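Single-structure report; data block below.
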Amino acid sequence: LNKNPVEGFSAGLIDDNDLYRWEVLIIGPPDTLYEGGVFKAHLTFPKDYPLRPPKMKFITEIWHPNVDKNGDVCISILHEPGEDKYGYEKPEERWLPIHTVETIMISVISMLADPNGDSPANVDAAKEWREDRNGEFKRKVARCVRKSQETAFDIEYLAFLRHLSRSNDEQ
């Protein structure tokens with residue numbers, strides 16, 4: 001990621017001594033309701049990664065059909081590999097060891113731009129997205145975007161950005 005940065009997010013270790021816990025900052029994609037937002041999330045990798053997927057949790061409040069109210073992200077590539085017991089997802093849509101932080105983040109950015117209302121983690125957000133996308137849903141997302149912008153300049157964020165900058169300078 002340091003050698004080939006991807007537009008729309010940055011990522012780094014929460015603690016340099018723990019390779020399994022990452023912090024990511026996702027910039028709300030242009031031309032979406034999330035545009036201008038700066039959303040902080042954690043990626044937690046299992047000890048047997050890449051055989052099993054990491055878990056992703058938004059720390060910044062976000063209103064989205066595929067993010068539960070606790071911030072946990074629910075997208076196919078983060079689901080355990082193999083057959084879906086409900087028959088909704090094909091095995092190739094689920095976790096595969098070829099996925100990287102980059103492919104996960106691209107999928108999450110895509111999820112922000114195009115929610116999957118058929119498989120919601122947040123039923124209330126999905127209902128609003130389907131029935132009142134430009135009303136209540138849009139207002140709640142706008143509030144989350146504003147709150148994310150306000151917290152984006154917290155000392156913690158600035159320290160994280162300095163850490164990333166130092167990492168890039170060392171490359």
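In this text, all values refer to a predicted model and were calculated from it rather than measured experimentally.
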Legend entry - Closest contact, heavy atoms only, Glu83 versus Pro91: OE2-CG, 3.3 Å

Inset, instruction - For the residue pair Met111 and Val67, establish whether any side-chain heavy-atom pair is separated by less than 4.5 Å. - result: yes

Inset, instruction - Apply the test salt bridge (charged side-chain N to carboxylate O under 4.0 Å, His left out) to residues Glu80 and Arg94: give CA-CA distance (whole Å), side-chain angles for both, the deciding distance (0.1 Å), then the verdict. - result: CA-CA 7 Å; Glu80 292 291 332; Arg94 296 167 71 88; over 6 Å; no

Inset, instruction - Could you walk me through whether Thr103 and Ile106 pass the side chain to side chain contact (heavy atoms under 4.5 Å, CB included) test, one step at a time? - result: CA-CA 5 Å; Thr103 62; Ile106 289 169; 5.7 Å; no

Inset, instruction - Flag the pair Arg139 and Glu136 as a salt bridge only when some basic side-chain nitrogen lies within less than 4.0 angstrom of an acidic carboxylate oxygen. - result: yes

Legend entry - Side-chain donor or acceptor of Thr151 paired with backbone N/O of Lys147 under 3.5 Å: yes

Inset, instruction - Verify salt bridge (charged side-chain N to carboxylate O under 4.0 Å, His left out) between Asp124 and Lys69, making sure each step is shown before the conclusion. - result: CA-CA 9 Å; Asp124 295 332; Lys69 292 179 182 177; 2.5 Å; yes

Legend entry - pair Ile26-Met105: side-chain heavy atoms closer than 4.5 Å: yes

Inset, instruction - Identify the heavy atoms of Ala113 and Pro29 that sit nearest to each other, and give their distance. - result: N-CG, 4.4 Å

Legend entry - Minimum side-chain heavy-atom gap Asn66-Asn122 below 4.5 Å: no

Inset, instruction - Find out if a path of hydrophobic residues (ILVMFWY) with successive side-chain heavy-atom gaps under 4.5 Å connects Val101 to Tyr20. - result: yes

Legend entry - Rounded distance (nearest 0.5 Å) linking atom OG of Ser76 with atom CG of Asp84: 8.0 Å

Inset, instruction - May I ask you to test the Phe58-Ser148 pair for a side-chain heavy-atom distance under 4.5 Å? - result: no

Inset, instruction - Identify, with sequence neighbours excluded, every residue that meets side chain to side chain donor-acceptor pair (under 3.5 Å) alongside Lys55. - result: none

Legend entry - Linked, directly or transitively: Val108 and Ile98 (ILVMFWY side chains, under 4.5 Å): no

Legend entry - Residues that Phe45 engages under ring-ring contact (aromatic ring centres under 6.0 Å, His included), provided they are two or more places apart: Trp22, Tyr49

Legend entry - From Arg52 atom CZ to His79 atom NE2, the distance as rounded to the nearest 0.5 Å: 13.0 Å

Legend entry - Side chain proximity check, Tyr86 to Ser119, heavy atoms < 4.5 angstrom: no

Legend entry - CZ/Arg143: more than 12 non-hydrogen atoms of other groups inside 6.0 Å: yes

Legend entry - Short N-O contact, Lys40 and Glu23, less than 4.0 angstrom: yes

Legend entry - Exercise: identify the closest heavy-atom pair between Pro54 and Pro46: CA-CD, 3.8 Å

Legend entry - Exercise: identify the closest heavy-atom pair between Asp18 and Arg21: OD2-CD, 3.3 Å

Inset, instruction - Measure the acute angle between the ring planes of Phe39 and Tyr34, then classify it against the limits of 30° and 60° as parallel, tilted or perpendicular. - result: perpendicular

Inset, instruction - In sequence, state the C-alpha distance, the side-chain angles, and the governing distance for Met56 and Thr44, and then conclude on side chain to side chain contact (heavy atoms under 4.5 Å, CB included). - result: CA-CA 6 Å; Met56 185 169 175; Thr44 305; over 6 Å; no

Inset, instruction - Consider only side-chain heavy atoms of I, L, V, M, F, W and Y, link residues closer than 4.5 Å, and tell whether Leu13 and Phe9 are in one cluster. - result: yes

Legend entry - Glu128/Arg133 salt bridge by N-O under 4.0 Å criterion: no

Inset, instruction - State, yes or no, whether a side-chain contact exists between Ile104 and Trp95 at a heavy-atom distance under 4.5 Å. - result: yes

Inset, instruction - I would like to know whether His64 and Leu112 meet side chain to side chain contact (heavy atoms under 4.5 Å, CB included); could you show each step before the answer? - result: CA-CA 8 Å; His64 191 281; Leu112 290 175; 3.8 Å; yes

Legend entry - Rounded distance (nearest 0.5 Å) linking atom OG of Ser107 with atom CD of Glu93: 11.0 Å

Inset, instruction - Compare all side-chain heavy atoms of Val73 with those of Lys57 and state whether any distance is below 4.5 angstrom. - result: no

Legend entry - Single-linkage hydrophobic cluster Leu78~Tyr88, side-chain heavy atoms < 4.5 angstrom: no

Inset, instruction - First locate atom CD1 of Ile27, then atom OG of Ser10, and finally report the distance between them rounded to the nearest 0.5 Å. - result: 7.0 Å

Legend entry - Point-to-point distance, once rounded to the nearest 0.5 Å, from CD1 of Ile75 to CG of Asn116: 10.5 Å

Inset, instruction - Would you indicate whether Glu92, at its atom CD, is surrounded by more than 12 heavy atoms from other residues, nucleotides or ligands within a distance under 6.0 Å? - result: yes

Legend entry - Heavy-atom pair of closest approach, residues Glu35 and Val145: O-CG1, 3.7 Å

Inset, instruction - Measure the spacing between CZ of Arg130 and CZ of Phe137 and express it to the nearest 0.5 Å. - result: 11.0 Å

Inset, instruction - May I ask you to test the Asp132-Lys127 pair for a side-chain heavy-atom distance under 4.5 Å? - result: no

